[in-house]
Every structure is written in C-alpha cells, then in structure tokens.
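Worksheet: the structure to be examined is printed underneath.
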Amino acid sequence: MNDSKIYIKNTFEILRRYKIVIFFSLVICTGLSLETTRWLKKKYKASFVINVYSKYFANPLVNEVIRGEYSIPQMRFTIDSMVKEALDDEYIDSIGYEYSFYANNMNKKQLTWARSFLRERFKLFSTGGQSYQVDFFGRDPITALEISQKTLKHVKNYFVQTRIMTIENVKKIVMKRIESMNVGQKIEKDGPANPLASMSPDVLQGELKKVNNEIIALKKQFNGEHPSVLKLEKRKVQLENWLSDYKPEKSNSNEDLSLSIMNVDDKDIALNLSSRLYIKFNDINMALALEKQNLPSYIGVIKRPNLPLYPIWPKKRIFASVGLLMGLMIAFIYILYHEVMSETQVEAIELIAEELGTEFLGTVSLNQTLALNPPRDHTIYASGPRKKADTLIDNNTH
C-alpha cells in the first residue's frame, strides 16, 4: 500500500541528511552577495532641514505696504517656490564646475544634459508646516557634505536678500512719491531754494521776474556766454516750464497725484498726505534696519548637514538577506531533485527485478526480518541501487 501522508519527522530527517548542503549553500550565497557590495558604486546622502518662521512673511512695520502670508498652505507654497528659485541653473552650474561634475569644453546640448543629471541629485520636499528638507546624493561623502553645506548657506542668503530687496523696492517707491509731493524739496541739487514750495503761480512769476532782472544786470557786465548768465537762463527756462503746467487747460489732468494735489486750494490736504508718507517712509526705514539685523534668525535650521558615514546604496543588510534567500532556494532545489526527481532505492530494485524476469513484492524492515526468521548460517545480502543482489539461498528459502 502506498502511504501518501507526509510526516514531520521525515522532513526533519531529510534536513538532517542534507544539512551540509544547506549550510554551504547559505554561506556561499551570502558571502557572494556581501562581496558584490564592495564592487558596486556607492551613494551617500547629506541633507538639511530649515524652518521659515511666520514673522518672515508678516512684519507689522511694512504689513500695510507688503501683504503678509498667514495661512500654512500659502507659506508652504512660498517656501517651496523660493527654494527652487534659489537652486536655479546658475547655482547648479557653479556646483558642476567647482566639483568637476561638468566636463570641459561642453557644447550647449551636453551642458543641458549634465545640468539635468546634476539637478536630479537634489531632492526637495516639504516635511510639514513651514519646514523644508533638501537632500544631495553623491558618490563621495566629503563632497556630498560640502555641497549640502554650501546649498544651506545659499538658500538662507536667498531668503534674506529677497526679503531685504522687497523692502528696499518699497522704500524707493515711497521715496519717489515723497519727492513728488514734498513742498520743501529742491528742484536742483546746486540751485537756489525752490520757489515752487508754495505751489502758487504768483510766487513763480515773482521768481521769474527776479531771474530776468538778474540776467539783465549780469549782461551789462558780462557777455551771454558767462557761466552765471547761462545758469540763470537755465533757471528761467525751468520756471517757464513749471508755469506752463499751471495753465487752466492743464489743471484738470490726472496724470499724477502730485499735480492733482498742487491744483487744490486747500494746502492742508497735501501737507497731510505728505506727512503720512513721511511716517510710512520712517517705518520702512526702521523695518529695513530691523530686518537686516534679524532676518537670519527668521530662518531656523532644524537639521544641519552631517558627514554620511554609511552609504545609502548598496545596503549590506539587504544584500545579505537576498543571499540567504538565494541559498535557501538553491538548497531546496537540490533536495527536491534528489528526493523526488531522482530514482529511489525501491525504484532501482524494481528495475533489477524486471531485468531478472521476476516481480518485486515489497520491503521488510530489518527488525521484522530478525523477529520472524532468526539468523541462521546462511544470510541474505543486498547491494545498493541499480546493482543485482548476491543471494545465498538454502533449502528453506524461496
């Protein structure tokens, strides 16, 4: 009878018989996997994490002029876009040439490919809230650390300079508006006091009459090419141009805010607006001084670049695990072939019986044989598979 049951003790018996094969298979495959890691190109990662505080986006001194960002999504998108702007093509190329990622004498197409590959070494992503992480991957740990440190410094400087430049641009705009409305501003740096301060045509005409009298007096002593005469002539032309702006047909134009205020009889409105602009200009100057001093502290560094001690690829643990699995697989295939695919001892005896023209009925264990037939002078001997048994048969054996 064929017994199709599988016994656990038989499985352990098989493993015991092939323990040497299993051991050497695991050792060899694991060793080869670990040795492979020595020849593969290694990759190291150096990274840093920055945090941009909310006060960077909203300064109360310039909040009326520069709109602040208050929501987390807006600040996150702004930080992401500013970091990507900082790592522009110019900065990538500077890294490429400094650390010899670029070859010499590359054409435009080759430069574009090299820049694309170098940019792929950088990984930029938000870590939540106002934090942002920048990773750099390189084959040399020292180079990866230096590039990560340089990138951190460049990103911080870009944030600081962008904020300062924005405030300075606002300062210039306010200053231009003040100059157009300031009633005490001079027309020329080296000229006399500005008679236009009162914004009155009568004062302008009086100044023009005074300049004409001075020109007549000087021409009696000097010719028309004298520097003093030329200067007064220039002043005269300037006053005449300003007077032409106050003619009735031009008084209703809306070309500039200052002209509309100059044509208003109530000078208190112009003075009030001018004073407000002065206050705003003073606030911006204070904000600019504070930002230059405190802006670096608005960019916090949560994680600074450190020297990578171990490569992120190849990982020895992963390769060792793969080697163990391969060793187990090879050992399993070997055992399967020898236990299932190859001929067993019973199959070899059946072949011998077929060659002898007889029939194989089965096997009897040695214990059963000794119990039924105690040993006599004549004993039956059987050789291994595929070998004919040498038999000594007495009169009682058939």
Side-chain angles (χ1 to χ4, degrees), residues 1-47 99-101 117-118 120-123 125 133 135-148 303 305-352 360 362-369 381-390:
M1 295 177 62
N2 294 327
D3 191 359
S4 60
K5 294 183 179 180
I6 298 176
Y7 296 95
I8 296 178
K9 62 180 181 180
N10 295 336
T11 303
F12 284 107
E13 178 64 22
I14 293 174
L15 294 178
R16 186 188 63 80
R17 290 204 310 266
Y18 292 95
K19 61 183 178 181
I20 297 178
V21 175
I22 297 173
F23 174 76
F24 280 102
S25 176
L26 293 176
V27 171
I28 293 174
C29 291
T30 305
L32 290 176
S33 298
L34 293 176
E35 186 67 20
T36 305
T37 60
R38 297 180 56 186
W39 304 102
L40 293 176
K41 294 181 179 179
K42 295 178 175 56
K43 183 186 293 185
Y44 295 88
K45 182 182 75 172
S47 60
Y99 292 93
S100 300
F101 291 111
F117 288 136
L118 181 55
E120 290 178 357
R121 292 174 177 261
F122 289 92
K123 185 178 181 181
F125 58 94
Q133 181 169 339
D135 299 335
F136 178 79
F137 301 89
R139 297 176 183 175
D140 181 64
I142 298 178
T143 302
L145 174 63
E146 292 179 355
I147 294 177
S148 184
K303 177 184 176 183
N306 295 317
L307 180 65
L309 300 178
Y310 302 100
I312 63 172
W313 179 262
K315 293 183 178 294
K316 290 187 176 182
R317 293 182 179 178
I318 295 178
F319 276 77
S321 301
V322 173
L324 288 173
L325 292 176
M326 291 180 61
L328 289 174
M329 186 178 298
I330 293 174
F332 174 78
I333 294 174
Y334 179 84
I335 296 173
L336 180 66
Y337 174 78
H338 280 271
E339 292 294 324
V340 178
M341 305 300 295
S342 62
E343 294 180 351
T344 62
Q345 186 175 7
V346 174
E347 293 174 345
I349 296 175
E350 289 178 347
L351 290 175
I352 296 173
F360 175 70
T363 60
V364 179
S365 64
L366 181 61
N367 295 331
Q368 293 175 346
T369 303
Y381 296 91
S383 62
R386 296 183 178 276
K387 292 183 180 180
K388 295 182 178 180
D390 298 330

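It should be emphasised that the depicted structure is a prediction, and the values quoted were computed from it without experimental measurement.
Atom OG of Ser33 and atom CD1 of Ile318 lie 12.0 Å apart (nearest 0.5 Å). The CG atom of Asn306 lies 11.5 Å from the NZ atom of Lys45; values are rounded to the nearest 0.5 Å. Taking CZ from Phe23 and CD1 from Ile28, the interatomic distance works out to 9.5 Å, rounded to the nearest 0.5 Å. Rounded to the nearest 0.5 Å, atoms CG (Leu328) and CZ (Phe332) are 11.0 Å apart. Arg16 contributes atom CZ, which lies 12.0 Å from atom CD1 of Ile22 (distance to the nearest 0.5 angstrom).
With sequence neighbours left out, Arg317 forms a side chain to side chain donor-acceptor pair (under 3.5 Å) with no residue at all. By the side-chain contact (heavy atoms from CB on, under 4.5 Å) test, Pro305 is found to be paired with Phe48, Leu145, Ser148, Gln149, Leu152, residues two or more places apart in sequence or in another chain being considered. Among residues two or more places apart in sequence or in another chain, the side chain to side chain donor-acceptor pair (under 3.5 Å) test is passed with Lys303 by Ser47. A search for side chain to side chain donor-acceptor pair (under 3.5 Å) contacts involving Tyr18 returns Glu339, not counting sequence neighbours.
Around atom CG of Leu309, more than 12 heavy atoms belonging to other residues, nucleotides or ligands sit under 6.0 Å away. Atom NZ of Lys42 has more than 12 neighbouring heavy atoms from other residues, nucleotides or ligands inside a 6.0 Å radius.
Considering all non-hydrogen atoms of both residues, Leu26 and Gly327 come closest at CD2-C, 3.8 Å. Across Pro311 and Tyr44, no two heavy atoms sit closer than the pair N-CE2, 3.5 Å. Between Ala46 and Ala144, the shortest heavy-atom contact is CB-O, 3.4 Å.
Among residues at least two apart or in separate chains, there is no side-chain hydrogen bond (donor to acceptor under 3.5 Å, both in side chains) pair with a member in residues 21-31.
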Could you give me the CA-CA distance, side-chain angles and deciding distance for Phe101 and Ile147, then say whether side-chain contact (heavy atoms from CB on, under 4.5 Å) is met?
-> CA-CA 12 Å; Phe101 291 111; Ile147 294 177; 3.6 Å; yes
Show me, pair by pair, the donor-acceptor contacts under 3.5 angstrom made by side chains of residues 135-142, not counting sequence neighbours?
unit_1: Asp135; atom_1: OD1; unit_2: Gln133; atom_2: NE2; d: 2.8
unit_1: Asp135; atom_1: OD2; unit_2: Gln133; atom_2: NE2; d: 3.4
unit_1: Asp140; atom_1: OD2; unit_2: Ile142; atom_2: N; d: 3.4
unit_1: Asp140; atom_1: OD2; unit_2: Thr143; atom_2: N; d: 3.0
unit_1: Asp140; atom_1: OD2; unit_2: Thr143; atom_2: OG1; d: 3.0

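Both tests hold for Lys123 against Phe125: distance to the six-membered ring centre under 6.0 Å, angle to the ring axis within 45°.
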